[in-house]
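Naming: A, B, ... by sequence-line order, numbering from 1 per chain. Both backbone and side-chain heavy atoms feed into the values below; hydrogens, waters and symmetry mates do not.
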Amino acid sequence: MPELPEVETVRRQLEAELVGRVIKGVRVLLPRILKNASPAELAERLIGRRLAAVERRGKFLLLQLDDGASLIVHLRMTGRLTLVDAATPDGPHTRAAISLDDGRDLRFDDVRTFGTWHYRGRDAGSLPPALAAMGVEPLSDAFTPETLATIAAGRRAPVKAVLLDQRRIAGIGNIYADEALFRAGIDPGRPAASLTPGEVGRLHASIRSVLIDSLAKGGTTVRDYLNGRGSPGEFQRFLDVYGRAGEPCRRCGTPIVRRKVAGRGTHVCPRCQR
DNA sequence: ATAGCGCCCTGGTGGC
DNA sequence: TGCCACCAGGGCGCTA
């Protein structure tokens, strides 16, 4: 489940390899991943374009083209973007591919086919609604304890639901919501507005630290995630609660409990998190 | 405006 | 061994 650290890892790898490359071909094996273009239209727009930059906003990847347009990719749960030699056969779940002028393909593989591609033209063009409404980047200077306090103020929803709301904070998914709340010692079901200023400060620091720590390990691979070079992340070895139901809390030894909060599988230490 | 829920989709798992 | 219900979950559309 690629979240901010995983998508950022892919972004860095793709940027290093893709910038300056020219698109020679486009293959779309599953047209419904394209949200606002037909395969033929996408090919017409992309072929001949040079890649100018690879950016990230929340969990979206933006491949910027030299004509001011962009290809906006969301990996959702099982999507992968990897660079391979063009001779590499498609996998059973290859949904699309872009061939480059250096003999390689940018392959998009996605088992569950939730991932999406949007083409955005130079002027306006359609943005994915979630991207247009995206909240603050948690690793940017704009994200301060005061920002988080404002976000939480007056919200009766569980604090975990607020962390998952991309319109408030960008890029946090189920894994890092659980991990940040553990580090902060806060129960995920608490109404966001019930957090004390001290708790808001701890949660702010925890969000940043867990994202930074995971980024340093190349992200988390629980099941499907692979980076732009086809390699898994390493942070799963350092998770405190996610996926550790029944195992002892690393801090106090109490078994980690799994329950449902905000409709999501949620992992907590019932002793450390209040 | 906010909160909650079902849907999309496939592969892996566990029960019988 | 086979079959099937169930689960994973981000974004989105719908409801109240």
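Rounded to an integer number of Å, the gap from A:D165 CG to B:dT2 C1' is 10 Å. Between the P atom of B:dC7 and the CZ atom of A:R112 lies a distance of 15 Å, rounded to the nearest Å. Nucleotide B:dT13 holds its P atom 12 Å from the CG atom of A:D224, rounded to whole Å. Rounding to whole angstrom units, CD1 of residue A:I33 and C1' of B:dT10 are separated by 16 Å. Remark: P of C:dG11 and CD1 of A:I72 are 14 Å apart, rounded to the nearest angstrom. Whole-Å rounding puts the A:M77 CE to C:dG11 P distance at 9 Å. Note: CZ (A:R80) to C1' (B:dT10) measures 13 Å, nearest angstrom. When the P atom of C:dG11 is taken as reference, atom CD1 of A:I169 falls 13 Å away, rounded to whole Å.
In this structure, A:K260 reaches the sugar-phosphate backbone alone: every heavy-atom distance under 4.0 Å involves primed, P, OP1 or OP2 atoms, never a base. Using a 4.0 Å heavy-atom distance criterion, A:R95 is classed as making no nucleic acid contact. As judged by a 4.0 angstrom heavy-atom cut-off over every strand, A:Y242 is placed among residues touching the sugar-phosphate backbone only. Within the 4.0 angstrom heavy-atom criterion, only backbone atoms of the sugar-phosphate kind lie near A:R32; the bases stay farther away.
Nearest-nucleotide assignment on DNA chain C puts the 5′-proximal partner with A:H267, out of A:H267 and A:H118. Along DNA chain B, the nucleotide closest to A:G263 and the one closest to A:R76 are compared, and the more 5′ of them pairs with A:G263.
OP1 or OP2 of C:dG10 has not a single side-chain nitrogen or oxygen of A:Q166 nearer than 4.0 Å. Contact check, A:H74 against C:dG11: a side-chain N or O comes under 4.0 Å of OP1 or OP2. When the side-chain nitrogen and oxygen atoms of A:R155 are compared with OP1 and OP2 of B:dA3, one or more of them lie within a distance under 4.0 Å. Regarding contacts with the backbone of B:dG11, a side-chain N or O of A:H93 is found under 4.0 angstrom from either OP1 or OP2.
Under the 30°/60° scheme for interplanar angles, the aromatic rings of A:H74 and A:F60 are found to stand perpendicular.
Checked for salt-bridge contact, A:R107 and A:D90 meet the test: a charged N lies under 4.0 Å from a carboxylate O. Between A:R76 and A:D224 there is no salt bridge, since none of the side-chain N atoms of the basic residue sits less than 4.0 Å from a carboxylate O of the acidic one.
A donor-acceptor contact under 3.5 Å is formed by the side chain of A:R264 with the base of C:dG10.
Comparing B:dT2, C:dG10, B:dC9 by their nearest atom to the side chain of A:R168 picks out B:dT2. Side-chain atoms of A:A157 lie closest to B:dG4 of the nucleotides C:dC12, B:dG4, C:dG10. Counting only heavy atoms from C-beta on, A:T113 has its side chain closest to B:dC9 among C:dG11, B:dA3, B:dC9.
Proximity of A:L18 to A:L83: side-chain heavy atoms (C-beta onward) are separated by under 4.5 Å at one or more points.
Side-chain contact annotation: A:T150 with A:T147, donor-acceptor N/O pair under 3.5 Å absent.
A:G135 and A:A170 get closest at one heavy-atom pair: O-CB, 3.7 Å.
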